[in-house]
Amino acid sequence: MSYRITDIDPVRGCTIQLTSNTGNARFFRTAKWRFRVEPEAMGSRVFCTADFRLRFPYHILAPIFFFMKSAIRRDLESLRHRLESSTATM
């Protein structure tokens with residue numbers, strides 16, 4: 001799948017939009033993610049939101065995507081651990 005950055009703002013964060021419509025991207029009419037980073041006492045906190053609109057024939061997949069929220073959370077936790085371990089070695 002291919003993506004593009006559609007918005008960058010120091011306060012609101014960064015928006016990334018799906019640009020392809022082949023492969024797994026064919027399920028989505030639109031798909032975008034927004035990432036925002038806020039400082040914390042011991043580092044930073046990353047916020048991620050996702051907004052997906054399915055194409056009509058694929059509405060039956062909605063429950064599957066709903067239950068995949070935990071997979072997204074695991075991916076973000078993995079990212080956090082990698083970032084933390086890379087800064088610990090600097």
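In this structure, Asp51 pairs ionically with Arg53, as a charged nitrogen and a carboxylate oxygen lie closer than 4.0 Å. Look at Glu38 and Arg45 and you find no salt bridge, because none of the NZ, NE, NH1 or NH2 atoms lies under 4.0 Å from a carboxylate O.
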Between Arg12 and Asp7, does the side-chain contact (heavy atoms from CB on, under 4.5 Å) criterion hold? Intermediate values first, please.
CA-CA 9 Å; Arg12 292 180 312 192; Asp7 184 37; 3.0 Å; yes
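Within 6.0 Å of the CZ atom in Arg55, the count of heavy atoms belonging to other residues, nucleotides or ligands exceeds 12.
Distance check: Arg73 CZ to Cys48 SG gives 10.5 Å after rounding to the nearest 0.5 Å. A distance of 8.5 Å separates OG1 in Thr6 from CD1 in Ile16, rounded to the nearest 0.5 Å. Summarising the geometry, atom CG belonging to Leu18 is positioned 10.0 Å from atom CG belonging to Asn24; distances are rounded to the nearest 0.5 Å.
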For residues 26-35, dump all side-chain donor-acceptor pairs below 3.5 Å to protein atoms at least two apart in sequence or in another chain.
{"unit_1": "Arg26", "atom_1": "NH1", "unit_2": "Gly23", "atom_2": "O", "d": "2.5"}
{"unit_1": "Arg34", "atom_1": "NH1", "unit_2": "Thr15", "atom_2": "OG1", "d": "3.0"}
{"unit_1": "Arg34", "atom_1": "NH2", "unit_2": "Thr15", "atom_2": "OG1", "d": "2.7"}

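Met42 and Phe47 fall into different hydrophobic clusters, where Ile, Leu, Val, Met, Phe, Trp and Tyr are joined by side-chain heavy atoms under 4.5 Å apart, directly or via other members.
In terms of heavy atoms, Ser2 sits closest to Ser20 at N-OG, 3.1 Å. Considering every non-hydrogen atom in both Arg36 and Val11, the closest pair reads CD-O, 3.4 Å.
The closest donor-acceptor contact from the side chain of Ser44 to the backbone of Val37 lies at 3.5 Å or more, if one exists at all. Of the possible polar contacts, one joining the Ser85 side chain to the His81 backbone as a donor-acceptor pair under 3.5 Å is found.
The side-chain heavy atoms of Ile5 and Cys14, taken from C-beta on, include a pair separated by under 4.5 Å.
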